[in-house]
Amino acid sequence: MGKMLGGEGEEKDPDAAKKEEERQEALRQQEEERKAKYAKMEGERENIRQGIRDKYGIKKKEEKEAEAAAAMEQASEGSLTRAKKAVPTGCGDEEEEESIVDTVMKFIPTPLMDMFNKK
């Protein structure tokens, strides 16, 4: 009855610590073998993937991201703000604005043109 209540009558195996250590070592060794096996399989898969990429001219996702980041970095080099958007043709071009004013002035009657020129 003392054993059931957690008394001092417990039997201890003198080799229990040694067996537990051996069991832990075997588990560690199995885990290392498993990791090595899957690393080898992943290496083989990567070789096959690379062969397909080479055959069809496909770039890796990491390479695409690196190129995009490099392009953004190069575009914003020396700038403290974000990269400017491209201005569409016909918007904001000073030479074109002057030519538009000249075109409009051609169609204004001369009495009105004299009023603009006097100012």
Side-chain angles (χ1 to χ4, degrees):
M1 185 131 168
K3 288 183 183 180
M4 291 175 72
L5 297 175
E8 294 179 22
E10 294 181 28
E11 293 180 29
K12 292 191 175 185
D13 189 8
D15 296 331
K18 185 178 181 184
K19 286 180 182 177
E20 181 63 24
E21 187 177 313
E22 288 176 359
R23 187 179 75 78
Q24 291 293 331
E25 181 61 34
L27 287 173
R28 248 184 262 119
Q29 186 177 4
Q30 287 176 348
E31 184 68 18
E32 288 173 9
E33 289 172 0
R34 185 187 68 79
K35 285 182 181 181
K37 173 185 169 186
Y38 284 105
K40 179 183 174 188
M41 287 171 52
E42 185 59 30
E44 291 172 357
R45 289 182 185 137
E46 185 57 35
N47 287 338
I48 292 170
R49 289 184 198 117
Q50 189 60 45
I52 292 169
R53 281 189 213 105
D54 293 342
K55 182 177 178 181
Y56 295 105
I58 302 170
K59 293 183 180 180
K60 275 180 123 174
K61 190 178 261 187
E62 296 90 28
E63 290 175 3
K64 289 180 183 178
E65 292 171 356
E67 286 179 5
M72 287 297 293
E73 194 172 300
Q74 188 178 30
S76 65
E77 192 172 291
S79 175
L80 297 176
T81 59
R82 65 179 175 81
K84 294 182 179 179
K85 294 182 180 178
V87 179
T89 57
C91 295
D93 199 15
E94 290 181 22
E95 294 173 8
E96 199 170 300
E97 286 179 16
E98 290 174 10
S99 65
I100 291 172
V101 171
D102 293 338
T103 306
V104 171
M105 292 298 277
K106 290 179 187 176
F107 294 104
I108 296 178
T110 43
L112 287 176
M113 213 184 292
D114 291 338
M115 285 179 23
F116 286 120
N117 290 335
K118 287 182 183 178
K119 289 184 179 180

Do the side chains of Arg34 and Lys37 get nearer than 4.5 Å, heavy atoms only? no
Show your reasoning for whether side chain to side chain donor-acceptor pair (under 3.5 Å) applies to Glu25 and Gln29. CA-CA 6 Å; Glu25 181 61 34; Gln29 186 177 4; over 6 Å; no
Interatomic distance, Lys19 atom NZ to Glu21 atom CD [nearest 0.5 angstrom]: 14.0 Å
Are Arg28 and Glu31 ion-paired here, with the side-chain N under 4.0 Å from a carboxylate O? no
When rounded to the nearest 0.5 angstrom, what distance separates CG in Asp15 from CD in Glu22? 9.0 Å
Could you point out which residue of Glu63, Lys61, Glu67 forms a side-chain contact (heavy atoms from CB on, under 4.5 Å) with Glu65? Lys61
If the threshold is 4.0 Å, N to carboxylate O, is there a salt bridge linking Arg49 and Glu44? no
For Glu42 and Arg45, what are the C-alpha separation, side-chain angles and deciding distance, and is it a salt bridge (charged side-chain N to carboxylate O under 4.0 Å, His left out)? CA-CA 5 Å; Glu42 185 59 30; Arg45 289 182 185 137; 3.6 Å; yes
In terms of side-chain geometry, is the basic nitrogen of Glu46 or Lys60 positioned less than 4.0 Å from the acidic oxygen of its partner? yes
